[in-house]
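Before any comments, here is the structure.
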Amino acid sequence: MDSKQVVHMNQGEMETSYARNSSFQSAEQNRMKPLMEAAIVDVCSNISTLSCGNMVIADLGCSSGPNAVALVSIAIEATCNHFLQLQQSPPEVSLLLNDLPYNDFNRVVKSLVALRQINEPVVVAGVVPGSFYERLFPSGSVHLFCSSNSLHWLSKAPEDLRINQIPAYDIDENVRRERLPVVAEAYARQFRKDFTLFLKLRAKELVSDGRMVVSLAGRRSDELVSEISHVWGTAAQILGIMASEGMIDKAKFNSLYIPVYGPSLEELREIIQEEGSFTITEMRVHNPASGMDSAHLTPNRIANCMRAAFEPLINQHFGSSGEVMDGFVRTAEKLLSLQGSSQVNQTEKPIVMLAVSVTKASHVNCGAFSTSP
Ligand SMILES: C[S@@+](CC[C@H](N)C(=O)[O-])C[C@H]1O[C@@H](n2cnc3c(N)ncnc32)[C@H](O)[C@@H]1O
């Protein structure tokens, strides 16, 4: 399953849209604010990186709705505050928002126009469709990259599982548990490959001393406790119940590979250090429910958030009858109620958000490089 073909969130502004079901992701963007502000101060203080008073900020995996412009808005506000304190005019700012081609860019453009009208230093605002696992920007042109809730999406599901027809999930819990180490290993390898490439590409596109602040879903622990320690765990559990109850085809369920993977903090640190283009400025582990209104943490609200993120992928794999998605939401609500919706409040929940702030290493230049192994 190639993510480029299938990955996008539910479009538009309907009840089931990502725009109306992204409170979890919005909470993470708020938690990223201190890292974003510190990165902006750093970029602005480093006069040599601000060529001719221009600053380029790009968000990767912006989706659509209010969250699409949330991080860049934080960046603009921090820039204005910084120069206000210095009693200097802020630099001209270019904002570029990226996502995969099937994203609802019509809506993103409207949000950008509104943002540009109220923020004077923004002179250019545009969208950049394409995969963040490919080159997107000219060499040495971007001052700050940011990305929230996106980098756990892989470029594709692990091919070795698909080629060897090893189902990633199974209706039978014992089989699922036994196979977990093999499945998790394959996902971990794909993530390492993708994230390494992502770092190389962004280092090439950043100015020297450029900054990057990203957050992605991850695991609290390196231990393979159970599938629910994996980002795909709950969605796979729900679909497994649906397959066992005959709501979806079992053979189709066995050939499903959800292209998401959440690393542990240590795994992420190791990949960044091994790749070598960036030095780590700060890493944080966030509880995904912290700072959230409890009204957003009911089984129904969580099920709708899952629908907004996974519906296009589920439709693509199982066919787009409304029944499958209705069944998905009903089953998700039941499962989440059984597990206790309060589970999301527990500090020890296995899924966490990992927020990382990095600086382009001084030895990395913007010269030609190859992305082949
Ligand atoms: C959960 S949304 C996050 C959106 C927004 N940043 C937020 O925090 O609410 C994940 C986004 O990442 C995008 N995405 C996934 N893989 C991508 C890739 N390879 N290149 C660009 N965008 C990607 C998806 O299309 C989706 O819009």
Side chains of Met55 and Pro90: closer than 4.5 Å at any heavy-atom pair?
no
Arg284: what forms a salt bridge (Lys or Arg N to Asp or Glu O under 4.0 Å) with it, not counting sequence neighbours?
Glu282
State, with a plain yes or no, whether a side-chain heavy atom of Leu95 is found less than 4.5 Å away from one of Ile76.
yes
Review item, side-chain donor-acceptor pairs of residues 105-115, under 3.5 Å, at least two apart:
unit_1: Arg107; atom_1: NH1; unit_2: Glu13; atom_2: OE1; d: 3.1
unit_1: Arg107; atom_1: NH1; unit_2: Glu13; atom_2: OE2; d: 2.6
unit_1: Ser111; atom_1: OG; unit_2: Arg107; atom_2: O; d: 3.2

Under the ring pair (Phe, Tyr, Trp, His ring centres under 6.0 Å) test, residues paired with Phe198 that sit two or more places apart
Phe132, Phe195
With distance as the sole test, does Arg219 use its side chain to make a donor-acceptor pair with the main-chain N or O of Gly262 at under 3.5 Å?
yes
Can you name the residues that form a side chain to side chain donor-acceptor pair (under 3.5 Å) with Ser277, not counting sequence neighbours?
Glu275
Can a donor-acceptor pair be found, under 3.5 Å and without considering hydrogens, that links the side chain of Asp172 to the backbone of Asn174?
yes
Check whether any side-chain heavy atom of Ser244 sits under 4.5 Å from a side-chain heavy atom of Ile171, and report yes or no.
yes
Would you mind reporting whether Ser147 and Asn98 have side-chain heavy atoms less than 4.5 Å apart?
no
Report the residues that fulfil side chain to side chain donor-acceptor pair (under 3.5 Å) with Ser148, sequence neighbours left out, ordered by chain and then residue number.
Gln29
I'd like to check the side chain to side chain contact (heavy atoms under 4.5 Å, CB included) partners of Ala188; sequence neighbours left out, ordered by chain and number.
Tyr261, Glu267
For Asp104, which residues count as a side chain to side chain donor-acceptor pair (under 3.5 Å) partner, sequence neighbours excluded?
none
Qualifying residues under side chain to side chain donor-acceptor pair (under 3.5 Å), relative to Thr331, sequence neighbours excluded
none
How about Leu136 and Leu60: do any of their side-chain heavy atoms sit closer than 4.5 Å?
yes
Ring centroids only, cut at 6.0 angstrom: are Phe328 and Phe310 within range, meaning strictly under it?
no
Which residues pass the salt bridge (Lys or Arg N to Asp or Glu O under 4.0 Å) test with Arg192, sequence neighbours left out?
Glu270, Glu274
Okay, side chain of Arg31, backbone of Ser290: is any donor-acceptor separation there less than 3.5 Å?
yes
Would you say the side-chain atoms of Arg211 pair up with the backbone N or O of Val358, donor to acceptor, closer than 3.5 Å?
yes
Taking side chain as C-beta onward, heavy atoms only, is Phe145 less than 4.5 Å from Leu96?
no
Does the pair Ile57 and Asp59 meet the rule for a side chain to side chain contact (heavy atoms under 4.5 Å, CB included), with working shown?
CA-CA 7 Å; Ile57 301 171; Asp59 183 299; over 6 Å; no
Run the ring pair (Phe, Tyr, Trp, His ring centres under 6.0 Å) test against Tyr187 and tell me which residues pass, sequence neighbours left out.
Trp232
Summary of salt bridge (Lys or Arg N to Asp or Glu O under 4.0 Å) pairs that have at least one residue in residues 241-261, sequence neighbours excluded:
none
For the residue pair Cys146 and Met36, establish whether any side-chain heavy-atom pair is separated by less than 4.5 Å.
yes
Who are the salt bridge (Lys or Arg N to Asp or Glu O under 4.0 Å) partners of Glu333, not counting sequence neighbours?
none
